[in-house]
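Just so you know, these numbers come straight off a predicted model, no measurement behind them. Whatever order the structure lists ligands and atoms in, that order sets their numbers, starting from 1.
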Amino acid sequence: MTRKTTGIPGLDGMLQGGFPFPSAILVAGEPGTGKTTLAVQSLFHGAREGEKGLYITAISEPQWLVQKFLSSFSFYNQELVEKGVVNFIDIGPTLLKNPSDMLNIIKKKIEQYQPLRIVIDPITPMTDMLQWRGETREFMHEIFAYLKAFNCLTLVTAELSYDDISHSQESYMVDGVIMLSYPEEEKVRRKFLEVLKMRGTKHTTGRQLIDITDEGLAVQAGLR
Ligand SMILES: Nc1ncnc2c1ncn2[C@@H]1O[C@H](COP(=O)(O)OP(=O)(O)O)[C@@H](O)[C@H]1O
Ligand SMILES: [Mg+2]
């Protein structure tokens, strides 16, 4: 099986070497748990190895704000952005005009940029724009089928808690699920990462402590 290293210190070791390739991975967790950090860190890691990267967002946070926040991390590389190796795009305005055209809008962008790594961050507000549940299910099904056929690594983030994930339709459609959490335990908050599912590979189970620093997200050394 082909794999791609994740760019997250400690995570490759939990996944027998990296993300299966091609694959679509769901990065789930409540706000502030580190989903954007993990996904974009992996995007820049790929870009440093010459892989074209595409970051797609919509409505939730204006694109410039996301980029401003991300540029404080050491993995962020403006030169790769200027050279067009990593591309940040906001499809929010296009989507607002016609939410039902979401799948085509995303497909067109992927065909235009031809990325090897894709981040869709976060998908939840996009699917919230679809009017009925059946439409969301259909969209999810089609987008994941399309991504799998495209021969790329996609990280899709979603604002889901542990309670949500067990009955979320997304988790059944993807090749892998990484859950990030930030529970309050004995009045201290610690951040965790758990691999809930990874098709075709053994993986470490259970919540692992993580750190987020200026260098980005890392599974705590000693637990690797
Ligand atoms: N340089 C940093 N050092 C330590 N923690 C940081 C740094 N930058 C951001 N964080 C923290 O990491 C988290 C980043 O979350 P983010 O990736 O935006 O999460 P999500 O996308 O899940 O909402 C926030 O909780 C923030 O406080
Ligand atoms: Mg985020």
Side-chain angles (χ1 to χ4, degrees), residues 6-11 14 19 24-47 53-78 80-81 86-92 95 102 106 117-129 140 143 153-165 168 170-171 174 176-185 187-197 207-223:
T6 63
I8 311 300
L11 184 54
M14 292 174 64
F19 293 127
I25 316 282
L26 186 69
V27 180
E30 293 180 70
T33 49
K35 302 179 298 295
T36 299
T37 307
L38 183 151
V40 176
Q41 187 174 340
S42 189
L43 202 62
F44 275 101
H45 169 74
L54 179 61
Y55 172 95
I56 305 174
T57 193
I59 62 171
S60 63
E61 295 154 286
Q63 191 186 341
W64 63 267
L65 190 69
V66 174
Q67 246 171 301
K68 203 172 162 198
F69 142 71
L70 291 167
S71 62
S72 68
F73 287 109
S74 63
F75 58 75
Y76 186 93
N77 184 322
Q78 185 62 29
L80 289 172
V81 177
V86 177
N87 299 277
F88 287 84
I89 61 163
D90 182 4
I91 59 168
L95 273 188
M102 194 172 315
I106 295 174
R117 283 192 206 218
I118 303 171
V119 172
I120 301 179
D121 180 47
I123 198 149
T124 328
M126 295 190 198
T127 51
D128 285 351
M129 289 167 87
M140 290 290 196
I143 187 85
L153 168 66
T154 309
L155 301 177
V156 176
T157 75
E159 289 187 351
L160 300 169
S161 66
Y162 269 100
D163 284 344
D164 302 327
I165 200 90
S168 85
E170 297 94 322
S171 62
V174 290
V177 178
I178 292 180
M179 187 79 206
L180 298 175
S181 58
Y182 191 21
E184 187 174 346
E185 292 172 339
K187 301 218 164 93
V188 289
R189 278 189 181 271
R190 294 187 296 176
K191 288 190 161 85
F192 293 94
L193 177 154
E194 180 170 6
V195 179
L196 290 180
K197 154 177 171 180
R207 292 188 314 181
Q208 310 293 317
L209 273 166
I210 56 168
D211 287 320
I212 302 179
T213 65
D214 291 349
E215 261 134 62
L217 194 150
V219 179
Q220 273 192 10
L223 297 168

Between [X] (side chain only) and [Y] (backbone N and O only), is there a donor and an acceptor less than 3.5 Å apart?
{"X": "Gln41", "Y": "Gly7", "value": "yes"}
{"X": "Thr213", "Y": "Glu215", "value": "yes"}
{"X": "Lys35", "Y": "Leu180", "value": "no"}
{"X": "Ser71", "Y": "Gln67", "value": "yes"}

| request: Classify the angle between the aromatic ring planes of Phe75 and Phe73 as parallel (below 30°), tilted (30 to 60°) or perpendicular (above 60°). | output: parallel

Check whether any N or O atom of [X], backbone or side chain, sits under 3.5 Å from an N or O atom of ligand 1, and answer yes or no.
{"X": "Gly34", "answer": "yes"}
{"X": "Asp121", "answer": "no"}
{"X": "Glu159", "answer": "no"}

| field | Approximate separation, where rounding is to 0.5 Å, of Asp121 CG and Thr36 OG1 | value | 3.5 Å

| query | Does a salt bridge link Arg189 with Glu30, judged by any charged N lying under 4.0 Å from a carboxylate O? | reply | no

Check ligand 1 against [X] and write out every atom of the ligand that is under 4.0 Å from a heavy-atom position of the residue.
{"X": "Lys35", "answer": "17 (O), 19 (O), 20 (P), 21 (O), 22 (O), 23 (O)"}
{"X": "Glu30", "answer": "22 (O)"}
{"X": "Lys191", "answer": "25 (O)"}

| request: Please state whether Pro31 comes within less than 4.0 angstrom of ligand 1, counting heavy atoms only. | output: yes

| Under a heavy-atom criterion of less than 4.0 Å, does Tyr182 contact ligand 1? | no

| Mind checking whether the Mg ion (ligand 2) has an N, O or S of Thr37 under 2.8 Å? | no

| message | Does only the side chain of Gln41 get under 4.0 Å from ligand 1, or the backbone, or both, or neither? Count heavy atoms. | response | neither

| request: Indicate, as side chain, backbone, both or neither, the part of Asp214 found under 4.0 angstrom from ligand 1 when only non-hydrogen atoms are considered. | output: both

| task | Please check if any side-chain donor atom of Ser74 sits under 3.5 Å from a side-chain acceptor atom of Asp214, or the reverse. | result | no

| query | Among Val40, Ile212, Val27, Thr37, whose heavy atom sits nearest atom 17 (O) of ligand 1? | reply | Thr37

